[in-house]
Amino acid sequence: MTGTSREAAPTGRRAVLAWSSWDSGAAAFNAVVFTFVFSVYLTDQVGEGSPGGISSSTWLGWGLGVAGFVLAVTAPIMGGRADARGRRKRSLAVLTACTIALMVAMFFVRDSEPYFFLGLVLLASASVLSELANVPYYAMLRQVSTPETQGRVSGIGWSAGYVGGVVLLLLVYAGFITGDGDTRGLLGLPSADGMNIRLVVLFAAVWFVAFAVPLFVVVPEVPATESTPPARGLRERLADVAGAYRALFADLRGLWRTDRRTLGFLAASALFRDGLAGVFTFGAVLGVGVYGVSSSDVLMFGVAANVVAAVGAVVGGQCEERVGAKPVIVFSLASMMVVGVGLLASSGPVAFWACGLVLCLFIGPAQASARSAMARLSPPGGEGQMFGLYATSGRAVSFLAPALFGLFSWLFGADRAGIVGLLIVIGAGLAALLPLRLPGAGEQDAGEAGGS
């Protein structure tokens, strides 16, 4: 069915660029802090000789596991409340500011073992806030697009994030990291006590601020659907939280009764998104340990992978306008399955670069089209709540890809076999998606009663 949205009218190219700019800013955390720089500094330098005979990487995994649990139980609550009270932009501003504040605090994590747990807490907390920020950010997609342009706008946002990550990684590598000895990078920064890495995090925080501001200036707030209640005590607030959980389970029951298609899409996308995340998570490990790629070349592969994924996201968005989200996702996932099998049977750096970049070409379209499909399936005014479920469903199965990767590596005694585990997760998501009928190109569909 088609509903009349209460969203502010889309405000054109300026709003799209401002909305996409936030994604470029978020790359400062996702690419620099979480993936390539600070997390590596934390595990390889700060956490060297970590306590209890447990490796720093294990501690990192446990910390991020706790963070994932926190996200799973909070994302849908925040989304629904922001929708109802007209506070999407306000919620995004608070979460963005808190993430940036934690990034700044990471400057004080010195290259010494006693600082390891401080860094771990800061990184895990920032990962929760960064993911929670995606709930109102994704929900704002409909505010800056029309049903006809949602695929293209979503693709532009994804590509902006990839491009931001590429540019920032190159700046960081050249200015702060490259070289050996007491000073690093073209800026000649001291490496003692991890100073050059700590300055990278500050630079990333400034980057995030600069690219986040346009969204808050240009994109309007969504109108509220309920009046803001007066300030209440702790008991009332706890009752609100309990009520939010009851509403969450009621929403899931309601989707089961009236819109199993959306519920099915949440499940399918959770599976294939976890598989896509696993490709990025284990790509560098496989490249170095199995395919003979040097550690420095892996960083350059990361830059190239982001460029290719950005191109794929834009092209996928254009295709989605013609054929709809489902064909783009299905083609992308099926192509990744074929290329993944080819990678499994190949050896050497050339095969890794070729197959790896083709895989990344299809990751962008699958991610972008999944996001726009979720926006099309969301009821008018309920986008934040639905994207909260979207985030929660993804986190609920986030253990699958790592667990299956480790299981197959252990069973066959070879890291290469872990690829099979990743392909199983992607294939399961593809199989769950195939029976679903999603809104086509240009359609805005808030659900289909009882159907799938």
Side-chain angles (χ1 to χ4, degrees), residues 10-39 88-107 122-123 126-141 143-145 152-177 187 197-221 280 302-303 305-307 309-311 313-314 317 364 367-368 371 387:
T11 51
R13 182 178 300 177
R14 184 165 174 258
V16 171
L17 293 176
W19 179 79
S20 302
S21 178
W22 188 93
D23 236 333
S24 294
F29 177 78
N30 297 325
V32 172
V33 174
F34 191 72
T35 304
F36 288 108
V37 180
F38 184 79
S39 59
R88 265 184 215 164
K89 189 161 72 169
R90 176 178 172 180
S91 296
L92 181 59
V94 171
L95 292 167
T96 300
C98 290
T99 302
I100 292 170
L102 290 174
M103 291 168 65
V104 172
M106 291 175 193
F107 172 79
L122 291 174
L123 184 63
S127 72
V128 172
L129 294 172
S130 176
E131 288 287 348
L132 286 175
N134 284 328
V135 176
Y137 175 69
Y138 288 0
M140 294 174 79
L141 173 60
Q143 292 170 241
V144 297
S145 65
R152 180 173 58 186
V153 172
S154 182
I156 290 172
W158 276 111
S159 64
Y162 287 128
V163 171
V166 167
V167 173
L168 187 55
L169 282 172
L170 289 174
L171 290 175
V172 163
Y173 180 77
F176 296 77
I177 295 177
L187 298 177
I197 303 297
R198 292 156 60 194
L199 288 173
V200 164
V201 180
L202 288 184
F203 179 63
V206 172
W207 176 283
F208 202 165
V209 171
F211 283 88
V213 166
L215 181 147
F216 302 110
V217 173
V218 174
V219 181
E221 181 63 276
F280 271 122
V303 172
N306 276 276
V307 172
V311 172
V314 173
Q367 290 175 323
R371 179 168 67 180
F387 275 110

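Contact detail for Pro214 and Ala18: the closest heavy-atom pair is O-CB, 3.5 Å. The minimum heavy-atom distance linking Ala15 with Val219 is given by the pair O-CG2, 3.9 Å. Between Arg198 and Met106 the shortest heavy-atom distance is CG-O, 4.4 Å. Of all heavy-atom pairs between Val32 and Ala204, the closest is CG1-CB, 4.2 Å. The minimum heavy-atom distance between Phe203 and Val172, with the atom names listed, is CD2-CG2, 4.2 Å. Between Gly164 and Ala27 the shortest heavy-atom distance is C-CB, 3.9 Å.
A side-chain donor-acceptor contact under 3.5 Å links Thr99 to the backbone of Leu95. Proximity of a side-chain donor or acceptor of Lys89 to a complementary backbone N or O of Phe216 within less than 3.5 Å is detected. For Ser20 (side chain) and Val16 (main-chain N/O), a donor-acceptor pair under 3.5 Å exists by modelled atom type.
Remark: Met103 CE to Leu123 CG distance equals 10.5 Å, nearest 0.5 Å. Taking CG of Asn134 as the start and CG of Asp23 as the end, the distance is 7.5 Å to the nearest 0.5 Å. We find the CD-OH distance between Gln367 and Tyr162 to be 3.5 Å, quoted to the nearest 0.5 Å.
Checked options Ile100, Val167, Leu202; the residue passing with Trp207 is Val167 (criterion: side chain to side chain contact (heavy atoms under 4.5 Å, CB included)).
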Would Phe107 and Val201 satisfy side-chain contact (heavy atoms from CB on, under 4.5 Å), going step by step from the backbone distance to the final call? CA-CA 7 Å; Phe107 172 79; Val201 180; 5.8 Å; no

Apply side-chain contact (heavy atoms from CB on, under 4.5 Å) to residues Ile197 and Ile177 and explain how you reach the verdict. CA-CA 7 Å; Ile197 303 297; Ile177 295 177; 4.3 Å; yes

Yes or no on side-chain contact (heavy atoms from CB on, under 4.5 Å) for Leu215 and Tyr137, after CA distance, side-chain angles and deciding distance? CA-CA 10 Å; Leu215 181 147; Tyr137 175 69; 3.9 Å; yes

Report the C-alpha distance between Phe34 and Ser39 in whole Å, list the side-chain angles of each, state the deciding distance to 0.1 Å, and finish with yes or no for side-chain contact (heavy atoms from CB on, under 4.5 Å). CA-CA 6 Å; Phe34 191 72; Ser39 59; 5.8 Å; no

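Side-chain contact check for Trp22 versus Phe208: some heavy-atom pair is nearer than 4.5 Å. Contact of the Val200 side chain with the Phe38 side chain is not registered, since no non-hydrogen atoms from C-beta on lie closer than 4.5 Å. Between Asn30 and Ser130 there is a side-chain heavy-atom pair separated by less than 4.5 Å.
With hydrogens and angles left out, the side-chain atoms of Ser145 and Trp19 include no donor and acceptor closer than 3.5 Å.
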